[in-house]
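To start, the structure under review is shown below, and the notes come after it.
We count ligands from 1, going down the list as the structure has it; atoms in each ligand are counted the same way. Values reported hereafter were calculated over all heavy atoms of this structure, with side chains retained and with hydrogens, waters and symmetry mates removed.
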Amino acid sequence: MKILIVEDEKDLANILKKGFEEHSFVADISNDGEEGLYMAETYSYDAIILDIMLPGIDGIEILSQLRKKHIDVPVLMLTAKGEVKDRIAGLEKGADDYIPKPFDFQELVARVKSAIRRNTGKPSPLIVISNLVVDTNTHTAQRGGTDIPLSAKEYSILEYLASHKNRVISRTELIEHVYETDFDLDSNVIDVYINFLRNKIDKGFKNKLIHTVRGAGYILKETE
Ligand code: CA
């Protein structure tokens with residue numbers, strides 16, 4: 001999953017990025033309002049963490065512009081103490097949640113994950129496809145009750161496919177959601193990871209779950 005962090009305190013933004021990376025996220029950072037709005041409109045994110053007080057355009061205005069353009073990505077607002085009015089304004093403009101500063105990082109991660117799950121219409125942290133279970137809390141997967149050891153990137157790709165199960169996902173979309181923006185990448189790398197995943201998840205099972213859709217991408221689904 002990929003998030004955008006719009007926060008002008010550079011140290012805080014970098015700490016957030018590092019922390020989220022330890023939870024299998026990738027993160028882009030913007031330190032000012034105008035750039036943050038541009039990135040949010042231009043690239044595809046699974047969630048946005050938005051500070052309110054920003055140089056250029058403030059967080060409330062960014063949120064308002066996004067919602068006007070029907071960009072319905074989950075947005076979590078970071079609010080300083082005493083910004084009660086801003087919290088209300090944020091929620092009224094369509095924020096999914098707000099996090100008062102100073103915040104507990106584990107709670108922030110949990111809230112971001114929860115906002116993403118609500119947005120994809122899957123409230124449970126466990127995603128089940130046939131006898132494959134993907135646990136988005138522990139970042140683990142099991143098939144037929146057996147743990148499947150996965151690298152961080154393998155897990156990220158599996159989680160994205162599982163979160164959008166039964167939908168064809170293009171290589172470009174996968175790259176957009178599991179690599180940082182501007183990461184110079186040949187889309188063939190996705191095929192390599194899909195091969196690794198097939199070996200770990202489908203090998204030895206009659207019922208294959210990962211399917212190639214020629215000319216379109218990949219789909220994770222149970223076949224009848
Ligand atoms: Ca700020």
Exercise. Taking only residues at least two apart or on different chains, which pairs with a member in residues 115-147 satisfy ring-ring contact (aromatic ring centres under 6.0 Å, His included)?
Worked result: H139-Y155

Problem set entry | Parallel, tilted or perpendicular: ring planes of Y45 versus Y43, cut at 30 and 60 degrees | perpendicular

For this session: Cation-pi check, K153 to Y179: give yes when NZ or CZ is under 6.0 Å from the six-membered ring centre and within 45° of the ring axis, no otherwise.
Result: yes

Exercise. Apart from F205 itself, what residues make up its hydrophobic cluster, given side-chain heavy atom links below 4.5 Å?
Worked result: none

Problem set entry | Contacts of type side chain to side chain donor-acceptor pair (under 3.5 Å), residue D97, not counting sequence neighbours | R111

Exercise. When the aromatic ring centroids of F20 and F105 are compared, is their separation below 6.0 Å?
Worked result: yes

Problem set entry | Residue and atom names of protein N/O/S atoms that fall under 3.0 Å from the Ca ion (ligand 1) | D8 OD1, D51 OD2, M53 O

